[in-house]
Amino acid sequence: MRLLTFIAVLLAAAASAAAQTSSASVVGRVTDASGAVIVGVSIKITNLDTNISQAGSSNEAGDFTIPYVPPGRYSMEAGSAGFRTYRRAEFTLTVDQAMRIDIPLEVGSASESITVTDSAPALNTESGARGEVTTNGEIAEMPLDGRNFADLAYLTGGVIPKGDGGDGQYAVNGARADNIGFLIDGMNNTQRRNTGAVINLSLEGVQEFKMITSGFAAEYGRYAGGVLSVITKSGTNRLRGSFYEFIRNDVWDAVSYFDVEKSKLRRNQFGATVTGPVYIPKLYDGRNRTFFMVSWDSLRVVDGKTRRGIAPLPEMLQGDFSKATDAFGKPIKLTDTLAKAPFPNNRIPVSRFDPVALKLAAYYPQPNLAGSVNNFISQGNGTTSNNNMGVKVDHQAGPRNRFTLSAFWRPNSSYDPVVNGRSPLPLFGLENNTLDLLSYVRYLRTMTPSMFLEVSASFSRKTNNQRWPLSGERDWAAEVGFVGGTTNPVARGLPQLDVSGYITLGPAYDYPKIWSFNNYQYASAITWIRGRHSAKFGGDFLRMQYFARQYGDTRGRLTFLGRFTTNPMADLLLGWPNNTRRQLDAAGPYHLISNYSGYMQDDFK
């Protein structure tokens with residue numbers, strides 16, 4: 001009764017993305033030569049890299065389970081009075097794996113031993129979950145454009161990229177791509193703004209990952225599509241490190257067919273990873289108990305971008321449309337809507353020009369390309385700079401207590417001089433400064449040989465701050481005499497001019513895009529092994545916060561279609577837009593969501 005009360009308290013105090021495990025387990029049955037089960041056999045597995053052991057014993061059914069085992073290389077030893085000691089030299093556990101190792105003991109002295117050095121690969125007989133583990137060797141050896149380990153998830157059956165314009169990252173077994181979950185060391189790494197990962201870790205800091213596609217355990221909860229569970233590297237008793245740099249350069253590239261000159265490409269990705277025991281001479285020796293991992297990955301990119309379009313002829317901006325033609329090359333006649341007659345010689349008198357429109361039109365560049373319909377080409381160099389950092393510390397406080405503390409963060413700065421679908425002029429390029437962060441602490445307590453308690457807390461954050469970098473320099477709209485737009489230094493600037501058939505002018509109307517997403521997760525779980533039952537009870541509380549400021553059209557947007565004069569550029573010079581838009585001020589949304597969840601699962605054998 002006390003145990004049930006204790007579990008109920010944990011479920012009430014814990015709370016929504018159930019506390020997913022990032023570990024493995026070893027299960028099996030101990031028998032003698034006749035096939036009869038043996039009760040009370042001591043089983044110990046030892047991590048070959050950290051020398052940390054975990055123990056269990058066979059119950060009245062001869063079964064044993066050793067849960068919460070970190071993935072890695074292990075050895076096994078089992079013994080009981082009157083039987084030879086059983087030893088298994090080495091086996092490897094992967095994330096979310098339940099490895100079954102049945103132990104046959106032979107009658108003899110405990111000083112005698114039987115050592116198993118090889119065996120057939122174990123089939124998954126303990127779980128109905130389907131998925132694919134990508135090991136550290138595969139991550140390191142497979143070529144990856146961009147060095148994003150998550151691309152390897154597409155090697156799992158049933159996993160395809162999301163649809164164009166959709167949310168999420170993977171579409172699994174026909175489910176929507178926004179029904180996917182992301183975990184790092186069992187911690188929630190999913191941001192629900194568009195169901196993507198909060199942070200993508202550096203390749204060198206990842207030990208392995210599993211793309212789980214169906215048959216999830218109860219603890220995974222809520223995801224109908226799939227779960228990408230990532231395990232980060234941990235330190236060992238040996239000090240290890242690596243340093244690398246990957247370089248791409250345009251020195252051997254040819255000029256693109258659509259470019260006038262070669263686009264620049266400078267891509268340098270470099271970093272290092274160090275793992276080992278925490279050792280401070282004469283102060284602390286953490287071998288066999290305290291370990292660390294530090295990862296660092298930096299990216300520096302200069303990448304040329306090109307776009308073609310149509311700029312107005314210089315004489316057009318002076319009112320001379322004598323060379324203006326339609327899409328089929330036929331001359332057009334400008335109509336003076338006020339006089340209900342054509343403009344003489346297709347020329348608009350300067351006295352008729354709208355003064356604000358004339359100042360805005362001055363931002364149009366001169367044509368710089370001949371021989372095609374598109375008479376203007378814009379080329380600029382985009383830049384990306386980020387530093388992907390990670391720190392992890394594992395501490396074994398005696399045989400019953402294990403602590404893990406981790407933090408991963410990635411600040412990123414980028415500049416896009418030729419914005420897709422907006423103005424191609426580098427003057428109106430956008431910059432973005434973001435931060436991705438995930439941190440957590442986990443505590444595992446072996447309460448009894450058959451009962452385990454896991455408690456964890458995590459915080460993750462993803463931000464976006466994409467804007468026109470020149471907004472704060474001066475009041476651009478006031479300089480041209482345009483009134484009604486925002487005066488907020490964060491968002492002020494020229495209105496966006498969409499003149500049909502010509503390149504767009506002005507900063508992109510739907511920027512700045514400024515938002516942040518926070519996850520606070522507190523979780524707890526108890527695993528209780530009794531007889532033929534392996535029960536797990538758990539719950540967690542997930543607090544999600546989404547703060548956004550939408551600045552769409554706060555600077556104003558004007559569209560010119562040639563409705564009044566038959567030529568959109570002439571409409572602009574006269575100040576006759578087809579339609580206009582303006583948003584009075586920035587708006588939300590602000591979402592504050594609290595999710596409470598609990599689960600219970602009993603694996604009966």
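Other residues, nucleotides and ligands place no more than 12 heavy atoms under 6.0 Å from the CZ atom of R581. Annotation for Y590: atom OH counts as buried by contact number, over 12 foreign heavy atoms lying within 6.0 Å.
The backbone N or O of V418 sits nowhere less than 3.5 Å from a side-chain atom of R307 that would complete a donor-acceptor pair. Side chain of R266 to main chain of V302: no donor-acceptor pair is present (N/O by atom type, distance under 3.5 Å, no hydrogens or angles). A donor-acceptor pair under 3.5 Å is formed between the side chain of K262 and the backbone N or O of D250. With hydrogens and angles ignored, the 3.5 Å screen pairs no side-chain donor or acceptor of K462 with any backbone N or O of Q191. For T190 (side chain) and F182 (main-chain N/O), a donor-acceptor pair under 3.5 Å exists by modelled atom type. For N368 (side chain) and I377 (main-chain N/O), a donor-acceptor pair under 3.5 Å exists by modelled atom type. Using modelled atom types, no side-chain atom of W409 and backbone atom of I199 make a donor-acceptor pair closer than 3.5 Å. A donor-acceptor pair is defined here as one N or O able to donate and one able to accept, closer than 3.5 Å; such a pair exists between the side chain of W468 and the backbone of L427. Between the N47 side chain and the D49 main chain, a donor and an acceptor come within less than 3.5 Å of each other. Of the possible donor and acceptor atoms, one in the side chain of Q583 sits under 3.5 Å from a partner among the backbone N and O of Q550.
Between the side chains of N432 and S414, no donor-acceptor pair is found at a separation under 3.5 Å. Remark: the R467 side chain and the Y511 side chain contain no N/O donor-acceptor pair separated by less than 3.5 Å. Remark: the R240 side chain and the T236 side chain contain an N/O donor-acceptor pair separated by less than 3.5 Å. A donor atom on one side chain and an acceptor atom on the other are found under 3.5 Å apart for K392 and S234. Defined by atom type and a distance below 3.5 Å, a donor-acceptor pair is missing between the side-chain atoms of T434 and N464.
Classified by interplanar angle (parallel below 30°, tilted 30° to 60°, perpendicular above 60°), the ring pair Y154/Y170 is perpendicular. Note: Y364 and Y502 have perpendicular aromatic rings, judged against thresholds of 30 and 60 degrees for the angle between ring planes. Taking the six-membered ring where the residue is Trp, F270 and W296 present perpendicular rings, their angle passing 60° and hence far from 30°.
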Side chain to side chain donor-acceptor pair (under 3.5 Å) for D185 and T232? Distances and angles first, verdict last. CA-CA 7 Å; D185 293 336; T232 58; 2.6 Å; yes
Under the criterion side chain to side chain donor-acceptor pair (under 3.5 Å), I'd like the reasoning laid out for N387 against R300: C-alpha separation, chi angles, the key distance, then a yes or no. CA-CA 9 Å; N387 298 295; R300 304 289 184 268; 3.1 Å; yes
Could you go step by step and tell me if D178 and N194 meet the side chain to side chain contact (heavy atoms under 4.5 Å, CB included) rule? CA-CA 7 Å; D178 57 3; N194 57 8; over 6 Å; no
When you look at Q379 and D259, which way does the side chain to side chain contact (heavy atoms under 4.5 Å, CB included) test go after all the steps? CA-CA 8 Å; Q379 290 187 271; D259 291 349; 3.9 Å; yes
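Summarising the geometry of P314 relative to P367, their closest heavy-atom pair is CD-CD, 4.1 Å, with the distance given to 0.1 Å.
Side-chain contact check for D416 versus K305: some heavy-atom pair is nearer than 4.5 Å. With a 4.5 Å cut-off on side-chain heavy atoms, M569 and L317 count as touching. In this structure, the side chains of L152 and F209 come closer than 4.5 Å at one or more pairs of heavy atoms. Within the 4.5 Å cutoff, the side chain of N519 has no heavy atoms near those of the R543 side chain.
Taking the ring axis of Y244 as reference, the NZ or CZ atom of R147 stays within 45° of it and closer than 6.0 Å to the ring centre. Annotation: cation-pi geometry satisfied between R557 and Y509 (NZ/CZ under 6.0 angstrom from ring centroid, within 45° of ring axis).
Residue R555 holds its CZ atom at 11.0 Å from CZ of F482, rounded to the nearest 0.5 Å.
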